[in-house]
Amino acid sequence: MSLHMRIISSVFALLLFGAAVSLYAGFIATDPGVRGDPPGAGGPFNDLTFFENLFFNAGLVAFKEVQSVQGEDLVPDTEPGLGPRFNLDSCAGCHAQPDVGGTSPFKNPQVDVANKEGATNVVPDFITIDGPVREARFKFNPNGTRDGGVHDLFTITGRTDASGCNIAQPNFKAADANDNLIFRIPTPVFGAGLIQSIDDDTILANKNSQTFAKALLGISGRANTNGNDGTITRFGWKAQVKSLGIFSGEAYNVEQGVTNELFPQERDETAGCLFNTTPENHTNFDATQPTDVPSDAVKFALFMSFLAPPAPASDTPSTINGRRLFKEIGCALCHTPSLPTGNVSSPALRGKRANLFSDLLLHNMGPKLADNILQGNARGDEFRTAPLWGLGQRIFFLHDGRTSDLREAIQAHASHGNLEFGPSEANRVIAIFNALGEAQKQDILNFLRGL
C-alpha cells in the first residue's frame, strides 16, 4: 500500500479509536523522560583513518577549551580571546548533553560564568540553573527596523583579566517588556558531518517526493539557500548556515567573542575592552605538528565532521509500533528517517545513510512557534525540521527550550494562523496524533525517546 493510501486509511481508522480508547480509561500517555542509559554519543566514526582520528581528537581538545580574555599567563589552562561580550567561555559547555557535542546539560553553566574571574554580570531572569543554555535575540531595533541578531548575555567588565573594561549588559528587561526578546538553545552537532555530506539534489528529490500525501496533510517545505551560490544551507534552527566551517567561525565570534579568520572583527570595539591583536585565533604557521597548524575554528569543524551520530536504544514492541505510527500519521513526511550522503572525500562519510529524521527544509510552524526572526531566506514563522536523532537524551525542546515535556513539544507544532503568520503546516498531522488512543500516543513517545 502506498504511503498516501496508508495515511488515508489511518485517518478513517481514527473514527474507530473511540471504542478502543475506552479500554485504557484513565491512562494518559506521558513523556518517559530523558533516557538514563549510557550516552552512545560523543565519539568518532569507527572507520576514520589514522590521521582523521588525530584531527578529531585535536578538535575535541579545542572544543573543550575554556577561554580567557588575555591568555594563559593570567588564567592557567585557558586560551585567550574571550569577549568583550559573550554567552559562555567554551563550546563544550553549551554542547554537553549527553556528551560533548550535544545540547544543554542539566545544570546551566551560564549561571556560574556570569561572575567568573570577578565579572560583575547580573544573571538575566530567563537564565536559571536548571533551565536551558540560551542566547538572546532582539526582533527589532529601537527605531523599528529589523534586528534579529544575538545580544550576548555577559560582558568581561570586572574580570581580573580585563582590567579597565567598562561596558554594560543589554537591557533584557526592557526588551522583554516590549515583546522584543526571543531565545535560542544550542543545536546538537552529533552526526553533523553526515548532514554536511548530503547532496543538494538529494534534499530536493526528497522534497519533491510523496507529493500527494504531503498535499493531503498541508505539508510543503522549502530549502533555505546561500545568497551567493544558491546552494542549500542546512545548519542552525532556520537552516541559515551553509557549512560546519562557517558554523564554527561564527559561533566562536558570536557566542564567545573570539575573533578568528572567518569572523576577524570584534563585535564590540569599545576602547579599553580590546586586549589582543585580531584575529585572536588563527592558523599557526610556525607549528611543527600537523594537528597544531589549523585554527580552532577549523579544528571545531573537523571535530564535528567526524563526530558520530548518537546510537538509538534497542527496539521494544512499543517502539516498533511507535515507529510505524510515526510514519503512518505523517510525521515522517517532514522528519525524514534517513537520507544518503554523496560522493564526499572522506570514506567515513561517503555513501552512508544519515538517520537524521529531518528533511533539512524550512516549514511554516504558525504563530505559536514563530519568533519573527529572518535568517537567510527563512521567514519569521519558518524553522528547519529539527533532526531527531539523539532526541531520547535531550532535556529541552523547541528552538527556545520552552519545555522539557516531549508531548508538550509535539502539541506546540499545531498553531492556527493570525493576521501576521499563517497556520502551521503540522496542524493536520497533530490533529491525527491527538485522535489516536493514549496507548498509541505512548508508543510514539517511547519511539521518539528511543532515538
Who pairs with N228 by side chain to side chain donor-acceptor pair (under 3.5 Å), at least two apart in sequence or on another chain?
none

Just to verify, what does D152 make a side chain to side chain donor-acceptor pair (under 3.5 Å) with, not counting sequence neighbours?
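Partners of D152 by the side chain to side chain donor-acceptor pair (under 3.5 Å) criterion, ordered by chain and then number, come out as N87, R267.
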
So, do H399 and F383 have ring centers that fall under 6.0 Å from each other?
yes

Side-chain H-bond candidate by donor/acceptor type, Q265 with T278, under 3.5 Å
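No, no side-chain donor-acceptor contact under 3.5 Å.
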
Classify the side-chain pair R85/T155 by whether it contains a donor and acceptor separated by less than 3.5 Å.
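T155 and R85 do not have a side-chain donor-acceptor pair below 3.5 Å.
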
Tell me whether T319 contacts the main-chain N or O of G322 through its side chain, where contact means a donor paired with an acceptor under 3.5 Å.
no

Are the side chain of N284 and the backbone N or O of D292 linked by a donor-acceptor pair below 3.5 Å?
yes

Test N206 against T336 for side chain to side chain donor-acceptor pair (under 3.5 Å), laying out the working first.
CA-CA 8 Å; N206 181 63; T336 304; 3.0 Å; yes

Kindly confirm or rule out a cation-pi arrangement of R134 over F183, judged by NZ or CZ under 6.0 Å from the six-membered ring centre and within 45° of its axis?
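Yes.
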
Return the minimal non-hydrogen interatomic distance between L244 and S305, and the atom names on each side.
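So the minimum-distance heavy-atom pair works out to CD1-OG, 3.5 Å.
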
Could you tell me which non-hydrogen atom of K327 sits nearest to which non-hydrogen atom of P337, and how far apart they are?
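What the structure gives for the nearest pair is CE-CG, 4.2 Å.
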
With D89, which of K116, Q67, Q110 fulfils side chain to side chain donor-acceptor pair (under 3.5 Å)?
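Option passing the side chain to side chain donor-acceptor pair (under 3.5 Å) with D89: K116.
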
Between R407 and D405, is there a salt bridge with N-O shorter than 4.0 Å?
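Salt bridge between D405 and R407, a charged N being under 4.0 Å from a carboxylate O: no.
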
Should D229 and K242 count as an ion pair when the cut-off is N to O under 4.0 Å?
no

Residues at least two apart in sequence or cross-chain that pass salt bridge (Lys or Arg N to Asp or Glu O under 4.0 Å) with D200, listed by chain then number, are R234

Criterion ring-ring contact (aromatic ring centres under 6.0 Å, His included) against F56, the qualifying member of F306, F303, F51:
F303

Is there a side chain to side chain donor-acceptor pair (under 3.5 Å) between E280 and T259 once you walk through the steps?
CA-CA 5 Å; E280 291 158 305; T259 56; 2.9 Å; yes

Could you walk me through whether T385 and D359 satisfy the side chain to side chain donor-acceptor pair (under 3.5 Å) test, starting with their C-alpha distance in whole Å, then the side-chain angles of each, then the deciding distance to 0.1 Å, before giving a yes or no?
CA-CA 6 Å; T385 303; D359 58 8; 2.8 Å; yes

